[in-house]
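Computed from a predicted structure; not experimentally measured. Order of the sequence lines fixes the chain letters, A, B, ..., with proteins taken first and strands second; residue numbering starts at 1 for each chain. Side-chain atoms are counted along with the backbone in the values below, which use heavy atoms only and exclude waters and symmetry mates.
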Amino acid sequence: MKKLIICEKPKVAKKIGEALGKVKKRSYRGVPYYEVERDGEKIVVASAVGHLFTLEEDKRGKKFGEYPVFHVKWVPAWMVKGREYVKKYIETLKKLSRDVDEIYIATDWDIEGELIGFHALYYICGRRNAKRMRFSSLTREEILRAYKNPDSIDYGLVGAGESRHKLDWYYGINVSRALMQSLKAVNRWRTMSTGRVQGPALAFLVERELEIRNFKSRKYWVIEGLLEGDVKAIHSREKFWDEGEAKEVYNRIKGIGEGRVLRVLRRERSIRPLPPFDLGTLQREAYRIYKLSPKETQEIAQRLYEKGYCSYPRTSSQRLPDNWKYLGNILRKIGEIEEYRGYVERILREGRRPVKGKKEDPAHPAIHVVDVPEEPLTPKEEKIYHLIARRTLGVFWEDMRREYIEVDLEIGGELFKVSGARTLKRGWHEIYYFTEFEEKEIPNFRRGDVVRVKEIVLEERKTKPPKRYTMASIIKELERRRLGTKSTRAEIVEKLIKRGYVLEERGYLRVTNLGMAVIETLKRYCPEIVEEGMTRDMEDKLEKVQRGEVKKEDILKEAEERLRRILLEVKRREMEIGRELISRMEEDKASTRCPICGGSLVVRRSRYGEFLGCSQYPRCRYIQRE
DNA sequence: GCAAGGTC
């Protein structure tokens, strides 16, 4: 009996192999796989590298840029630029599956995992049936349990997965093309895109942009009492919206030189260590502390993972593995680093347990360091590594103790407040010192004390518009709105920037006029693509497909018909839309400009086909090559 | 060339 186990990624193949027994590592065309003997059977554990197949348009008889298009098929992903490496994985699976009696699918337990596994089985191994290992963590016990009690493939889930890809393709490709063809209709060109995630993401950036544009600042007044020793007391009303009222209070008390302490409230608070990193939190912290973009942080974390220094980065878990032996080993390793030794020794000696965060991920634990770098890291890798290391260690450490003091003060019959805060014990903050806590010492007020008031100040202030999103805050917002996945959010944001819909300006994301125009156009013609409800709606439909309540062909057909109607209308108005987009784009002086002379780029035709050239030809002979 | 999703 010979068995083949197909995993989602190489690292998991290794883990599963090792859980099943003593492995022999082999490789074919540079792709590793693992052989194990178990109960007299030979087991080969190999893997995919995520999706091995991708959707491609059936271009027969189609012109470039034509829409609508709905005829797509699955093709090997190595046919796509930049993904050539997929080929050797497909070839390896093909070779290994030739003489096996039984196949186990051991991809991640989710919609994409089911599809990845089925595609490998169907297109590479030429089978429809296999056993299915489902595990929610990669511990030895869990892997063995999944191996001994295999499930079967959930074809409903496979159908839902296929539908997810196709729906995203239908909407994304067609509406993107409609935008581009609208430009082309007025003889201009520019890469444009939108989709189920990009659309709503840009839409809520636009929403914030409009809030800022339409913001009317309001005046308000604050009254402060300056006390001895540079202490500020603030009138308990905080904001006076009425100038007359503020002045009345101010005039009444401005000459008063004394105040009386009514109440002193001291509260001690314990602050638990910040939980271990999920990807989103790591991205936010790396941006906040080092100004690394979420995409770069993700790439660095991926490299640290590949080098074996950190755990799997694409996780939404905030919990370390629940395995003391494993954690102990890791801690001992981190303890080899001089600056961490003292902490590690105490954690081990006292058997300290890590705190957990709220978020969980069935497939992976929180991001943690797993080893000490042997080779020197780049400066940025160094930063991320130690950020993760300190976070990991801090999770085991003691609570921080803080004291917050609130003082109520009476000045001329008005209530004022003074607040102070200080750290009593740093605890975990000693290790993970990247968060700042305000230290605001105030005198030791006691109830009944009479305090000298040096001056009463009346200040006019203005309300401020809401802040724009940053690279970091938008990732969190996407997460909150359940748009995109932990793996794709950073890329989505970069894409909006690349398209010229959004600019990063002094650290803040500002929507360009083009970005605004794209959303306005989409809202007018196909509002569903800018509504985040579309994701929710799609998920509902996919669940029905999975449960077998609806046929995938039906929901695909429905989407197709709907899009055909919408796109027909868009096509009829291409020139109008194109003109609108162009005029808004010009306001941005965006990169439709010729980089040589500043003229605009226009579509030109030669006997070799169409190309983009400078409008100033023949004065300027610039041609854009892509 | 356009999406979104997996992974190196």
| note | Between CG of A:Leu522 and C1' of B:dC2 the distance, given in whole Å, is 13 Å
| request: Could you check A:Tyr104 against A:Tyr147 for ring-ring contact (aromatic ring centres under 6.0 Å, His included), going step by step and ending with a plain yes or no? | output: CA-CA 8 Å; A:Tyr104 285 66; A:Tyr147 174 74; 5.2 Å; yes
| Interatomic distance, A:Asp110 CG vs B:dG6 C1' [rounded to whole Å] | 9 Å
| message | So A:Val86 and A:Pro76, do their side chains get closer than 4.5 Å, heavy atoms only? | response | no
| Between A:Leu483 (CG) and B:dA3 (C1'), how many Å, whole number? | 14 Å
| query | So which nucleotide from B:dG1, B:dA3, B:dT7 ends up closest to the side chain of A:Lys495? | reply | B:dA3
| Face-to-face contact A:Phe64 to B:dG1 six-ring, under 5.5 Å, under 30° | yes
| said: Quick test of your reading of the model: are A:Glu580 and A:Arg524 salt-bridged, counting only N-O distances below 4.0 Å? | reply: no
| message | Heavy atoms from C-beta onward define the side chain here; which of B:dG6, B:dA4, B:dG1 lies closest to that of A:Asp168? | response | B:dA4
| task | For A:Lys11 and B:dT7, give me the distance from atom NZ to atom C1', rounded to whole Å. | result | 11 Å
| message | Is there, by distance only and without an angle test, a donor paired with an acceptor across the side chain of A:Arg314 and the base of B:dG6 below 3.5 Å? | response | no
| field | Closest nucleotide among B:dG1, B:dA4, B:dA3 to the A:Leu55 side chain | value | B:dA3
| note | Closest of B:dG5, B:dA4, B:dG1 to the A:Thr488 side chain is B:dG5
